[in-house]
Amino acid sequence: MKVSAPGKLMLFGEHAVVYGHPCIVTAVNSRLTVSVEKSNTVEFHTPGTNNHEFLQEAVRYATERWNISSVTIDVSSSFTGKYGFGSSAAVTVATMKAITDLFSIPLSRHELFQHCYQIVLNVQKIGSGFDLAASLFGGTIYYEQFGKIIEPVEHPGYELVIGYTGEKANTVSIVEEIAQKKEQYPEKVERIFSAITDLVHNARKKIEEGDVERVGKLMDYNQEYLRDLGVSSEKLEALIQAAKKTGALGAKLSGAGRGDCMIALVSKEKRRQVEQAIVNAGGEVLSVSPDAEGVL
Ligand code: PMV
């Protein structure tokens with residue numbers, strides 16, 4: 001049984017989503033493939049992933065829950081954990097889909113989501129689950145309340161440039177830091193999260209309408225709030241400013257912050273210029289596109 005799952009990029013709403021607020025996320029066309037076969041012993045062949053904990057927990061969870069026999073698992077991937085495309089979510093989703101298909105366990109995508117979310121929480125304790133939703137459902141998604149609401153965002157298309165900072169973001173420690181900040185300055189952080197929530201609702205509408213000018217502006221506002229939260233970095237700012245100066249409609253960090261990638265919304269005409277500006281500012285442009293298919 002061979003299954004592949006896409007990575008993701010956060011478009012709007014990171015950090016606030018950890019507290020049940022909404023976000024918008026898109027699946028990207030970098031995929032991770034998992035092959036599973038029945039066997040007498042549990043065996044992993046995993047050159048395609050660094051996310052061994054997630055893989056092992058998924059297998060432990062599935063074998064225990066459905067009382068299934070042992071499996072041999074092979075993982076290959078067109079991306080690693082390097083860029084922050086959600087390889088841990090993709091490996092969890094692909095493994096669970098492959099195992100449940102192989103043993104003919106009938107599950108809806110929403111049910112699969114709940115199992116995958118439990119696995120992720122067993123491993124890393126925190127996380128909103130948005131990345132699992134993108135990997136399972138694909139496309140561009142409105143996500144809220146830890147997966148209670150997962151809805152497709154239909155749209156006429158948009159162009160993104162993705163700039164990698166070369167710095168690794170430590171998602172878990174940044175999320176913990178924001179939790180501390182929220183304890184210390186509850187009003188300030190709540191105010192930011194509530195402003196981000198309004199912005200996400202607005203962004204969903206404007207993405208659906210194809211109003212890219214407005215979507216770009218909203219990305220800029222989202223970036224201001226993330227800066228206020230303290231999760232931007234010099235390198236992210238350099239790439240974001242370079243993109244903005246050369247005509248991007250909007251630009252922001254994507255994910256936990258302090259590293260990984262920034263995204264810029266561009267017109268087709270400006271794409272090359274913006275890409276070049278990001279390279280000149282010391283970034284690496286990644287050729288991935290949004291709106292990829294979910295797990296297959
Ligand atoms: O760092 P990434 O790309 O895994 O994104 C993290 C997004 C957060 O909202 C900060 C955390 C989460 O689990 O939603």
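Ligands are counted one by one from 1 in listed order, and the atoms in each one are counted from 1 as well. Computed from heavy atoms alone, side chains included, the values below leave out hydrogens, waters and symmetry copies.
- The aromatic ring centroids of H115 and Y61 lie less than 6.0 Å from each other.
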For residues 148-156, please give each side-chain donor-acceptor pair under 3.5 Å, one per line with the distance, not counting sequence neighbours.
residue: E151; atom: OE1; partner: R204; partner atom: NH1; Å: 2.9
residue: E151; atom: OE1; partner: R204; partner atom: NH2; Å: 2.9
residue: H155; atom: ND1; partner: G157; partner atom: N; Å: 2.9
residue: H155; atom: NE2; partner: D291; partner atom: OD2; Å: 2.5

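- At a heavy-atom cutoff of 4.0 Å, ligand 1 is surrounded by K8, E14, H15, V17, V18, G84, G127, S128, F130, T171, V175, G255, A256.
- Remark: E224 does not engage K252 in a salt bridge, criterion side-chain N to carboxylate O under 4.0 Å.
- Pairs of residues two or more places apart, or lying in two chains, never qualify as salt bridge (charged side-chain N to carboxylate O under 4.0 Å, His left out) while including a residue from residues 128-145.
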Just distance, no hydrogens or angles: give the donor-acceptor pairs under 3.5 Å from side chains in residues 88-96, sequence neighbours left out.
residue: T92; atom: OG1; partner: S88; partner atom: O; Å: 2.7
residue: T95; atom: OG1; partner: V91; partner atom: O; Å: 2.6

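- Crowding of R272 atom CZ: a count of heavy atoms from other residues, nucleotides or ligands under 6.0 Å not exceeding 12.
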